[in-house]
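The residues of the chain are indexed from 1 along the displayed sequence.
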Amino acid sequence: MTETVTSDRTADVIVVGAGPAGATTAYHLARSGLDVLLLEKTAFPREKVCGDGLTPRATKQLIAMGIDISEEAGWLRNKGLRIIGGGQRLQLDWPELACYPDYGLVRKRDDFDEQLARQAEKAGARLHERCNVGEPVLDSAGRITGVHAKLGEEKTPVTFHAPVVVAADGNSTRLSLKMGLHRREDRPMGVAVRTYFNSPRHDDDYLESWLELWDRRGAQDRLLPGYGWVFGMGDGTSNIGLGVLNTSDSFKELDWREILKAWCASMPAEWGFTPENMTGPIRGAALPMAFNRQPHYTRGLMLVGDAGGLVNPFNGEGIAYAMESGVIAAETIVQAQGRATPAQRELALRRYPKILKDTYGGYYTLGRAFVKLIGNPKVMKVATERGLSHPVLMRFALKMLANLTEPTGGDAMDRVINGLSKVAPRA
């Protein structure tokens with residue numbers, strides 16, 4: 001028996017996944033007047049592994065969505081980045097730019113994502129929680145025209161239909177895999193592990209990054225690739241974690257949860273990063289970087305955020321790029337919907353990967369080279385020891401690593417970074 005297609009099961013666009021990428025896409029589509037179904041497999045609030053620290057890039061996107069980011073609404077602002085390594089400590093404020101605010105934010109992911117999803121709902125998106133998407137619905141040409149899903153606690157089988165489907169279902173992106181889009185092994189992958197501690201450092205107004213991670217458990221101390229972080233949450237707790245790259249020889253062999261425990265144990269006792277102060281388990285997640293799944297559009301399916309491997313290889317930041325790709329995807333789809341024929345709509349949709357490559361391609365190529373370089377512990381050691389003693393160089397590094405430059409008319413540092421990104425091959 002074929003299922004009857006009803007109006008509540010059809011839309012202009014289906015967005016699978018209501019994390020930052022999906023919720024942002026759905027918000028901007030709905031604001032433009034399109035009928036959007038936003039399908040989330042879990043129910044809010046829900047946990048996600050993240051550093052919870054947002055740079056000015058992500059902050060800009062929250063402002064654009066009309067989110068209340070005041071301290072009264074539970075957001076903690078930060079002024080910049082404190083970098084520790086090579087026996088030195090350097091505090092850098094976020095740059096003063098016309099195109100980005102000069103502050104970042106911290107918010108726990110368990111309600112950060114929900115705020116974005118609710119904002120998309122307010123804009124008119126139809127959100128279905130506990131909606132587990134399984135198979136794509138394909139037409140005779142192999143184009144996606146909808147998705148099969150199981151809805152609610154009863155796991156009722158339902159089918160949703162739309163001419164365009166957005167995969168915002170994260171690193172595992174089952175929908176992309178079902179459409180034959182596999183991960184590129186030549187792109188870097190990171191892993192992040194983190195936990196929370198009750199700590200007097202909870203209201204720190206700088207994000208803190210430790211450029212040296214030491215494995216001190218053997219006969220000889222080992223410098224590991226990656227970095228550690230300490231982010232105050234403003235609620236009595238601190239988020240402590242580490243990010244590690246697969247360019248390291250020891251990537252697969254080490255137990256990163258144990259490394260995190262050992263690193264926390266080496267911290268000053270008064271900070272409280274001890275087992276009895278831990279407020280939750282250590283959790284880990286993959287960081288898919290530098291366009292590690294392509295093409296970003298094919299046969300009616302568009303990839304945003306982690307599904308498309310949009311994490312910045314320089315600093316492991318994912319939320320800003322998830323949200324930005326959501327904006328680009330929404331703008332592309334809105335323009336396509338305004339075309340008269342299927343061929344014209346398809347032509348408009350195919351622009352999406354080109355825009356992503358023009359926007360991030362050169363920068364991500366530089367990031368891939370950077371990742372290979374710091375995968376060598378000797379290079380990392382020299383960079384840390386020499387670099388931190390040069391504040392001007394580190395200001396340049398902050399702009400480069402956080403991708404915070406004026407696109408036009410910036411200072412000399414901005415022009416160098418933008419110039420390098422332009423001449424680098426598109427990823």
>> Does any part of the side chain of Asp110, heavy atoms only, come nearer than 4.5 Å to the side chain of Lys48, both counted from C-beta?
In response: no

>> Testing Gln115, Met323, Lys122 one by one against Met65 for a side-chain contact (heavy atoms from CB on, under 4.5 Å), which residue passes?
In response: Met323

> Using the ring of each side chain (for Trp, its six-membered ring), is Phe231 parallel, tilted or perpendicular to Trp229, with breaks at 30° and 60°?
Replying inline: parallel

> Any donor-acceptor pair under 3.5 Å linking the side chain of Arg299 with the backbone of Met179?
Replying inline: yes

> More than 12 foreign heavy atoms under 6.0 Å from CZ of Arg31: is that the case here?
Replying inline: no

> Can Thr59 and Gln61 be counted as having a side-chain donor-acceptor contact under 3.5 angstrom?
Replying inline: no

>> Tell me whether Arg46 is salt-bridged to Asp113, with the criterion being a basic N under 4.0 Å from an acidic carboxylate O.
In response: yes

> Does Leu175 reach the side chain of Glu135, with side-chain heavy atoms less than 4.5 Å apart?
Replying inline: no

>> Please tell me whether Asn78 and Tyr103 have a donor and an acceptor in their side chains that are separated by less than 3.5 angstrom.
In response: no

> Are the aromatic ring centres of Tyr363 and Phe314 under 6.0 angstrom apart?
Replying inline: yes

> How many angstroms lie between OG1 in Thr159 and CZ in Arg9, if you round to the nearest 0.5 Å?
Replying inline: 8.5 Å

> Do you know the tightest heavy-atom contact between Leu76 and His202?
Replying inline: CD2-O, 3.9 Å

> Among Glu317, Met289, His296, which one satisfies side-chain contact (heavy atoms from CB on, under 4.5 Å) with Leu310?
Replying inline: His296

>> Could you walk me through whether Asp111 and Arg107 satisfy the salt bridge (Lys or Arg N to Asp or Glu O under 4.0 Å) test, starting with their C-alpha distance in whole Å, then the side-chain angles of each, then the deciding distance to 0.1 Å, before giving a yes or no?
In response: CA-CA 8 Å; Asp111 77 337; Arg107 183 90 187 201; 2.7 Å; yes

> Tell me, do Tyr352 and Val304 make a side-chain contact under 4.5 Å, heavy atoms counted?
Replying inline: yes

> Is the shortest heavy-atom distance from the side chain of Ile69 to the side chain of Leu105 under 4.5 Å?
Replying inline: yes

>> Less than 3.5 Å apart, any donor N or O on the side chain of Asn239 or Asp52 sitting next to an acceptor on the other?
In response: yes

>> I'd like to know if the side chain of Tyr360 pairs up with that of Glu324 as donor and acceptor (distance under 3.5 Å, no hydrogens or angles considered).
In response: yes

>> Would you say the ring centers of His148 and Phe160 fall short of 6.0 Å from each other?
In response: no

> Rounded to the nearest 0.5 Å, how far apart are CG of Leu90 and OG of Ser209?
Replying inline: 11.5 Å

>> Let's go through Glu47 and Arg283 carefully: what are the C-alpha distance in whole Å and the side-chain angles of both, what is the deciding distance for salt bridge (Lys or Arg N to Asp or Glu O under 4.0 Å) to 0.1 Å, and is it a yes or a no?
In response: CA-CA 10 Å; Glu47 175 103 274; Arg283 297 184 188 274; 3.0 Å; yes

> What distance separates Lys150 NZ from Lys155 NZ, expressed to the nearest 0.5 Å?
Replying inline: 9.0 Å

>> What's the separation between atom CG in Leu287 and atom CG in Asn171, rounded to the nearest 0.5 Å?
In response: 8.5 Å

>> Between Thr42 and Glu40, does the side chain to side chain donor-acceptor pair (under 3.5 Å) criterion hold? Intermediate values first, please.
In response: CA-CA 6 Å; Thr42 59; Glu40 167 59 37; 2.6 Å; yes

> Between Arg293 (side chain) and Gly309 (backbone), is there a donor-acceptor pair under 3.5 Å?
Replying inline: no

> Is the backbone N or O of Ala98 less than 3.5 Å from a side-chain atom of Glu406, with the two atoms forming a donor-acceptor pair by type?
Replying inline: yes

>> Hydrogens and angles aside, do Tyr206 and Asp93 bring a side-chain donor and acceptor to less than 3.5 Å of each other?
In response: yes

>> Is there a salt bridge (Lys or Arg N to Asp or Glu O under 4.0 Å) between Arg184 and Asp186? Walk through the geometry before answering.
In response: CA-CA 5 Å; Arg184 288 181 59 157; Asp186 64 339; 2.8 Å; yes

N/O donor to acceptor pairs below 3.5 angstrom from side-chain atoms of residues 126-133, sequence neighbours left out:
residue, atom, partner, partner atom, Å
Arg126, NE, Asp35, OD1, 3.2
Arg126, NH1, Asp8, O, 3.0
Arg126, NH2, Thr10, O, 2.7
Arg126, NH2, Asp35, OD1, 3.2
Arg126, NH2, Asp35, OD2, 3.0
Glu129, OE1, Phe44, N, 2.7
Glu129, OE2, Arg118, NH1, 3.2
Glu129, OE2, Arg118, NH2, 3.0
Asn132, OD1, Arg174, NH2, 2.4

> Taking all atoms of both residues into account, what is the closest heavy-atom pair of Gly305 and Ser325, and its distance?
Replying inline: N-OG, 3.0 Å

> Would you find more than 12 non-hydrogen atoms of other residues, nucleotides or ligands less than 6.0 Å from Lys399 atom NZ?
Replying inline: yes

> Does the pair Asn418 and Thr405 meet the rule for a side chain to side chain donor-acceptor pair (under 3.5 Å), with working shown?
Replying inline: CA-CA 8 Å; Asn418 296 341; Thr405 61; 2.9 Å; yes

> Does Asn403 reach the side chain of Arg57, with side-chain heavy atoms less than 4.5 Å apart?
Replying inline: yes

> Any side-chain donor-acceptor pair under 3.5 Å between Trp210 and Glu208?
Replying inline: yes

> Can we say Arg82 and Asp204 salt-bridge, meaning some charged N sits less than 4.0 Å from an Asp/Glu carboxylate O?
Replying inline: yes

>> Side chains of Phe291 and Leu356, heavy atoms from C-beta outward: is any pair under 4.5 Å?
In response: yes

> What do the steps show when you test Arg143 against Glu346 for salt bridge (Lys or Arg N to Asp or Glu O under 4.0 Å), and what is the final call?
Replying inline: CA-CA 11 Å; Arg143 185 186 179 87; Glu346 184 65 13; 2.7 Å; yes

> Does NZ belonging to Lys60 count more than 12 external heavy atoms closer than 6.0 Å?
Replying inline: yes

> Could you give the distance from CD1 (Ile328) to NE2 (His28), rounded to the nearest 0.5 Å?
Replying inline: 11.0 Å

> Between Asp102 and Pro56, is any pair of side-chain heavy atoms under 4.5 Å apart?
Replying inline: no

>> The criterion is salt bridge (charged side-chain N to carboxylate O under 4.0 Å, His left out); which residues satisfy it with Lys108, sequence neighbours excluded?
In response: Asp235

> Roughly how far apart are Ile259 CD1 and Ile282 CD1, rounded to 0.5 Å?
Replying inline: 11.0 Å

>> So Pro136 and Val165, do their side chains get closer than 4.5 Å, heavy atoms only?
In response: no

> Do Glu185 and Arg187 meet the salt-bridge criterion of a basic N to acidic O distance under 4.0 Å?
Replying inline: no

> Is the number of heavy atoms from other residues, nucleotides or ligands under 6.0 Å of Lys178 NZ greater than 12?
Replying inline: yes

